[in-house]
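Computed from heavy atoms alone, side chains included, the values below leave out hydrogens, waters and symmetry copies.
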Amino acid sequence: QVQFVESGGGSVQPGGSLRLSCTASRAIDSFYSMGWYRQAPGKQRELVARITSDGNINYVDSVKGRFTFSRDNAKNTLYLQMSSLKPEDTAVYYCHVLKNYMNYWGEGLLVTVSS
């Protein structure tokens, strides 16, 4: 019922920046939760940043102060601005929404941070 178009992944040097975007096929203002997850090589998928219906934005500790989540309801789009990137940020990043207890996932964006 909800599909995504994701863009913005790529390869950067440590300290660089990337901006990920995720456009949903449905209005995002009615979703219970929306945000980004990532899965690094050999690791389990983890929450990176999300916003819930109460307006709270949560970040995993490792990205606080470096990543910023935002959204544009008119464009049905979620963003993740990533700055001061570190090699440990290398992962596949997934857009995610939770609506009526159903999870919807993007295909994933590869982000590689290396010298």
For the atom pair [atom1] ([X]) and [atom2] ([Y]), what is the distance rounded to the nearest 0.5 Å?
X     : Y      : atom1 : atom2 : answer
Phe69 : Trp36  : CZ    : CH2   : 8.5 Å
Asn58 : Thr52  : CG    : OG1   : 6.0 Å
Leu20 : Met82  : CG    : CE    : 4.0 Å
Phe67 : Leu85  : CZ    : CG    : 5.0 Å
Leu47 : Ser33  : CG    : OG    : 7.5 Å
Gln13 : Ser114 : CD    : OG    : 8.0 Å

If every non-hydrogen atom of [X] is compared with every non-hydrogen atom of [Y], which pair is closest and at what distance?
X     : Y      : value
Met34 : Phe31  : CE-CB, 3.4 Å
Ala49 : Leu80  : CB-CD1, 4.2 Å
Thr90 : Val113 : OG1-N, 2.9 Å
Ala24 : Ile28  : CB-CG2, 3.8 Å
Asn76 : Arg26  : CG-O, 3.5 Å
Glu6  : Gly108 : OE1-N, 2.7 Å

Discussion item. Please list all pairs meeting salt bridge (charged side-chain N to carboxylate O under 4.0 Å, His left out) that have one or both residues in residues 105-115, counting only residues at least two apart or in different chains.
Written reply: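 Qualifying pairs: none.
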
Worksheet item: salt bridge (charged side-chain N to carboxylate O under 4.0 Å, His left out): which pairs involve residues 85-101, sequence neighbours left out?
Response: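 Counting only pairs at least two positions apart or across chains, the salt bridge (charged side-chain N to carboxylate O under 4.0 Å, His left out) contacts touching residues 85-101 are Arg38-Asp89, Arg66-Asp89.
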
Discussion item. Checking Lys43 now: which residues fulfil salt bridge (Lys or Arg N to Asp or Glu O under 4.0 Å) with it, not counting sequence neighbours?
Written reply: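 For Lys43 there are no salt bridge (Lys or Arg N to Asp or Glu O under 4.0 Å) partners, ignoring immediate neighbours.
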
Discussion item. Quick one about Thr77 and Ser21 (side-chain donor to acceptor, distance below 3.5 Å, no hydrogens or angles considered), yes or no?
Written reply: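 The criterion, which ignores hydrogens and geometry beyond distance, is not satisfied for Thr77 and Ser21.
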
Worksheet item: Can you check whether Val48 reaches Tyr94 side chain to side chain, under 4.5 Å on heavy atoms?
Response: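 No, every pair of side-chain atoms sits at 4.5 Å or beyond.
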
Discussion item. When you compare the side chain of His96 with that of Asn103, does any pair of heavy atoms fall below 4.5 Å?
Written reply: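 When only atoms from C-beta onward are counted, His96 and Asn103 do touch, with a gap below 4.5 Å.
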
Discussion item. Donor-acceptor check, side chain of Asp54 to backbone of Asn56, threshold 3.5 angstrom: yes or no?
Written reply: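 Indeed, once roles are kept as given, a pair shorter than 3.5 Å links the two residues.
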
Discussion item. Would you say Val5 ends up clustered with Val97 if hydrophobic residues are merged whenever their side chains have heavy atoms under 4.5 Å apart, either directly or through other cluster members?
Written reply: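 Different clusters: Val97 never reaches Val5 through Ile, Leu, Val, Met, Phe, Trp or Tyr contacts under 4.5 Å.
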
Practice prompt. Decide whether Val92 and Tyr104 are clustered together by the hydrophobic rule: side chain heavy atoms of Ile, Leu, Val, Met, Phe, Trp, Tyr closer than 4.5 Å, transitively.
Written response: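 The answer is no; the residues belong to distinct hydrophobic clusters.
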
Practice prompt. Step by step, work out the ring pair (Phe, Tyr, Trp, His ring centres under 6.0 Å) result for Tyr37 and Trp105.
Written response: CA-CA 9 Å; Tyr37 288 70; Trp105 296 93; 5.1 Å; yes

Worksheet item: For Tyr32, which fellow cluster members are found when Ile, Leu, Val, Met, Phe, Trp and Tyr are connected by side-chain heavy-atom distances below 4.5 angstrom, either directly or through intermediates?
Response: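 The other cluster members (ILVMFWY side chains, heavy atoms under 4.5 Å, direct or chained) are Leu98.
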
Worksheet item: Going by side-chain heavy atoms closer than 4.5 Å, which hydrophobic residues are tied to Tyr79, directly or by a chain of links?
Response: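 Hydrophobic cluster check, Tyr79: no partners found.
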
Worksheet item: side chain to side chain contact (heavy atoms under 4.5 Å, CB included) between Ser62 and Lys64: does it pass, once the steps are laid out?
Response: CA-CA 6 Å; Ser62 61; Lys64 288 181 178 178; over 6 Å; no

Discussion item. Between Gln39 and Tyr93, does the side chain to side chain contact (heavy atoms under 4.5 Å, CB included) criterion hold? Intermediate values first, please.
Written reply: CA-CA 7 Å; Gln39 187 166 18; Tyr93 287 71; over 6 Å; no

Practice prompt. Scan residues 80-115 for pairs that pass disulfide (SG to SG under 2.5 Å), counting only residues two or more places apart or in two chains.
Written response: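 For residues 80-115, and leaving out neighbouring residues, the disulfide (SG to SG under 2.5 Å) pairs sorted by first residue read Cys22-Cys95.
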
